[in-house]
> 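Right, I'll just put the structure down here and ask away after.
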Amino acid sequence: GDCLTLADAVVVWPADATWDGDASSVSYNGRTFAVGAAAQLAGGFYETDDAWTSVVDDAATSAVRDCLDRTGLTTVAIVG
């Protein structure tokens, strides 16, 4: 799949967030966030020492590792 990044980090959205490829936007918690737009959200940044794996499920862990490999980034941003 596609990878979303923010400030040199791979972004992980909550499981109930949805991606709209046509609009290049993520919908979450009743709001829509377009790629490139400013947004204020809760969450945090994790270096890839695998500490972030404790806050995502196994399927997301696999997808995040794939994005880290493909992008060459070393940080994960968890939205939540």
Side-chain angles (χ1 to χ4, degrees):
D2 294 325
C3 303
L4 293 176
T5 61
L6 169 70
D8 295 328
V10 170
V11 179
V12 179
W13 289 84
D16 59 341
T18 57
W19 169 249
D20 181 340
D22 292 333
S24 294
S25 64
V26 175
S27 294
Y28 170 63
N29 205 21
R31 296 171 55 196
T32 299
F33 305 94
V35 169
Q40 203 168 22
L41 298 162
F45 288 85
Y46 293 80
E47 293 298 321
T48 55
D49 60 1
D50 288 343
W52 57 269
T53 60
S54 66
V55 295
V56 298
D57 64 25
D58 290 341
T61 297
S62 177
V64 172
R65 286 188 197 282
D66 180 59
C67 284
L68 290 168
D69 289 343
R70 289 192 292 133
T71 62
L73 296 174
T74 61
T75 302
V76 176
I78 306 290
V79 176

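Since this is a predicted model, take the numbers as computed values, not measurements.
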> Please tell me whether Leu73 and Val64 are part of a single hydrophobic cluster in this structure, the criterion being side-chain heavy atoms less than 4.5 Å apart.
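Yes; Val64 is reachable from Leu73 via cluster members.
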> With a 4.5 Å limit on heavy-atom distance, are the side chains of Ser27 and Trp19 in contact?
no
> Which atom pair, heavy atoms only, marks the closest approach of Ala34 to Ser25?
CA-CB, 3.8 Å
> Examine Leu6 and Val79 and state if one hydrophobic cluster contains both, with Ile, Leu, Val, Met, Phe, Trp and Tyr joined whenever side-chain heavy atoms are less than 4.5 Å apart.
yes
> Looking only at heavy atoms, what is the nearest atom pair of Trp52 and Glu47, with distance?
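That closest heavy-atom pairing would be CD1-O, 3.8 Å.
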> Applying a strict under-4.5 Å side-chain criterion to I, L, V, M, F, W and Y, I'd like to know whether Val76 and Phe45 cluster together.
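No; tracing contacts between hydrophobic side chains, which count when under 4.5 Å, never links both residues.
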> Which heavy-atom pair separates Gln40 from Arg31 by the least distance, and what is that distance?
O-NH1, 3.9 Å
> Distance check, rounded to the nearest 0.5 Å: Thr71 atom OG1 versus Asp66 atom CG?
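Answer rounded to 0.5 Å: 9.0 Å.
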> Keeping Ser62 on the side-chain end and Ala59 on the backbone end, is there a donor-acceptor pair under 3.5 Å?
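Side chain of Ser62 to backbone of Ala59, a donor-acceptor pair under 3.5 Å: no, none is there.
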> Grab the two heavy atoms, one from Cys67 and one from Asp2, that are nearest each other, plus how far apart they are.
SG-O, 4.2 Å
> Grouping I, L, V, M, F, W and Y whenever their side-chain heavy atoms are under 4.5 Å apart, do Ile78 and Leu68 come out in a common cluster?
yes
> Just checking Asp16: does its CG atom have more than 12 heavy atoms from other residues, nucleotides or ligands closer to it than 6.0 angstrom?
yes
> Could you check whether the rings of Phe33 and Trp13 sit parallel, tilted or perpendicular, using 30° and 60° as the cut-offs?
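The arrangement is tilted - the two ring planes meet at 30° to 60°.
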> Asp22 and Asp20: which non-hydrogen atoms are nearest, and at how many Å?
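So the two residues come closest at N-OD1, 3.0 Å.
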> Is Leu41 reachable from Val12 through a run of hydrophobic residues whose side-chain heavy atoms are each under 4.5 Å from the next?
no
